Structures are given as C-alpha cells and as structure tokens.
Amino acid sequence: MPEPRLALRGVTKSFGEVSVLHGIDLAVQPGEMVCLIGASGSGKSTLLRCMNGLEPVDDGEVLLDGVDIAEPGFDLAPIRQQIGIVFQSFNLFPHMTAYDNVALAPRRVLGEDARDRIEALFARFGLAQHMRKYPDQLSGGQQQRVAVIRALAMRPHTMLFDEITSALDPELVGEVLDVLRSLRDDGMTMVLATHEMGFARELADRICFMDQGVIAEEGTPDVIFSNPQKERTKQFLASIL
Ligand code: ADP
Ligand code: MG
C-alpha cells in the first residue's frame, strides 16, 4: 500500500456535551473514491469537516500525506486549497457572476488571474455559455456545478462532497453526478457523503457505513450492498431501499 493521501486515526469530536465522532480510523489512498453512507445525524458532515480542518478535532490525528494537520497551530490555509469541499447548499455570492464567484479565491489567495484555467473548467462542465450569468439566472444543477468549479479552480488534489445533490430537483441530480464521475476518471481523490446509493454502488471504491459516530462497517460496494456483515448495516439498507 502506498502512503494514504488522507488518514484519520482515533479521531474524536464533541459539540459541548454531545459526542459526535468516537474514534474514527479511515485511510484514503490517492485516486480513491470513498462514499460515506448512514442515517442523518450519524456524523458524516462532521467527519468531512474534520478532514480539512474546518472543524477542529478533540483527539486523534488527521494526516495529510503523513503530516498531522490537527496539531494545534497548524497553518490550515494551504490545506483548504489542497482539499476542496462542496456543500449541499451552493453558497454562491448572489451579487457576483458565476465567473467572478470562481475567480475570487484564485485572485485573492493564489494572486493569479487563472482565466484560462477557469474558462477551461466552465467549458469542461458544459457551462461556457453561463459564465457571465448571476446565480439566480442558473438552475440548481448549474449553480452546484459552478460551486464545484470554484473549488477546482484552487487546484485541489482531494475533494470532499457533502450531499451535493440533496437540495436538487430529481431531474438535475444526474448532471451533477456526471461531474463527479468525470473527476473520478481524472484520478481525483474524493470522499463523499451521499444518499445516492445507485451512484455509490456504481462508482465508489469503498463504502463506509456510519452509525452513531463510528464507521460501523466498511467494504467494497458489492459487499456492503449485497452482503453486509453487520446487523445495523442490514437494518439501515433495509430502511432506505
Ligand atoms: P450527518 O451529516 O450524518 O447528518 P452531522 O455530522 O451533521 O451528521 O451531525 C452529527 C451530530 O452532531 C448530530 O447529532 C448533530 O446534531 C450534531 N452536530 C453537528 N454539528 C453541530 C454543531 N455545530 N453544534 C452542535 N451539534 C452539532
Ligand atoms: Mg450531513
């Protein structure tokens, strides 16, 4: 096994009295696509946010290429470029065009205009005609693709996606999943929290089933969906399928 791109060791996290993650161990290899599934409240979003330092962990290690970014005082600004994150709500600035939403961070953080790279990203994801539009002139699926482009413009090597299709009308889900498919073909390292079980089954290298703050079972999609070993995995799958 090569060194994991991202590895969590014994990560715990509480909000006040509420213990949310209880000793998470997870290693993600370069180019791997890992899907987190599990009931609402099981800790998927918190886990994703711990992976790029958006949420400080209480205990444990978050290793990026072997370096612990959870150490107190670690400079997280470069990490946020290397590990992009996209949320369910697109969070585009409403008063800026799609292009300016994407160009903002490269200009400010990287100090570069990045015009060619940004235009290429819009073209790649079928949005070349929409670059100069404002978010409210775009469909939900188009806005979410702009949000993905915004993260990609920082040239991350890893992407985290938190239920990015959950707020979309059903007919718009496919165009966003196609973006993920294309990134996977590119070899992007990805961790997704998703309710799209068909998609996870088709494309994930590995599925992690989360239950009450632990990874209760992990395995290939075939094993998790066709032959789960743990009772609570079976119960969860029975409840959603
Ligand atoms: P999931 O994404 O699987 O639905 P979350 O990570 O959002 O799960 O939430 C796990 C638990 O942590 C829930 O009980 C939730 O209420 C709690 N939680 C999440 N974020 C916060 C927060 N900022 N403050 C307090 N509790 C939180
Ligand atoms: Mg969540």
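Note that ligands are numbered from 1 as they come in the structure, with each ligand's atoms numbered from 1 the same way. Note that the structure is a prediction, hence the values are computed from the model and not measured.
Here Glu202 pairs with Arg181 in a salt bridge; the nearest charged N to carboxylate O distance falls below 4.0 Å.
At least one heavy atom of Ser42 sits closer than 4.0 Å to an atom of ligand 1. Residue contact check for ligand 1: Gly16 places no non-hydrogen atom closer than 4.0 Å to it. Within the structure, ligand 1 has Gly43 among the residues with a heavy atom less than 4.0 angstrom away.
For the Mg ion (ligand 2), protein N/O/S neighbours under 2.8 Å (waters excluded) are Ser45 OG.
Proximity of atom 27 (C) of ligand 1 to the protein is indicated by at least one non-hydrogen atom lying closer than 4.0 angstrom. Distance remark: protein heavy atom present below 4.0 angstrom from atom 4 (O) of ligand 1.
Note: an N/O pair closer than 3.5 Å links Ser45 and ligand 1 by distance alone.
A continuous path of hydrophobic side-chain contacts links Phe90 to Ile118 [ILVMFWY only; heavy atoms under 4.5 Å].
Contact annotation for Val20 and ligand 1: only side-chain heavy atoms (C-beta onward) come within less than 4.0 Å of the ligand. Only the backbone of Ala39 comes within 4.0 Å of ligand 1, counting heavy atoms alone; no side-chain atom from C-beta on gets that close.
Here the side chains of Leu237 and Phe209 are not in contact, with every heavy-atom distance at 4.5 Å or above.
In summary, the atoms of ligand 1 found under 4.0 Å from a heavy atom of Ser40, numbered by their order in the structure, are 4 (O).
Of all heavy-atom pairs spanning Asp205 and Arg184, the tightest one is OD1-NH2, 2.8 Å.
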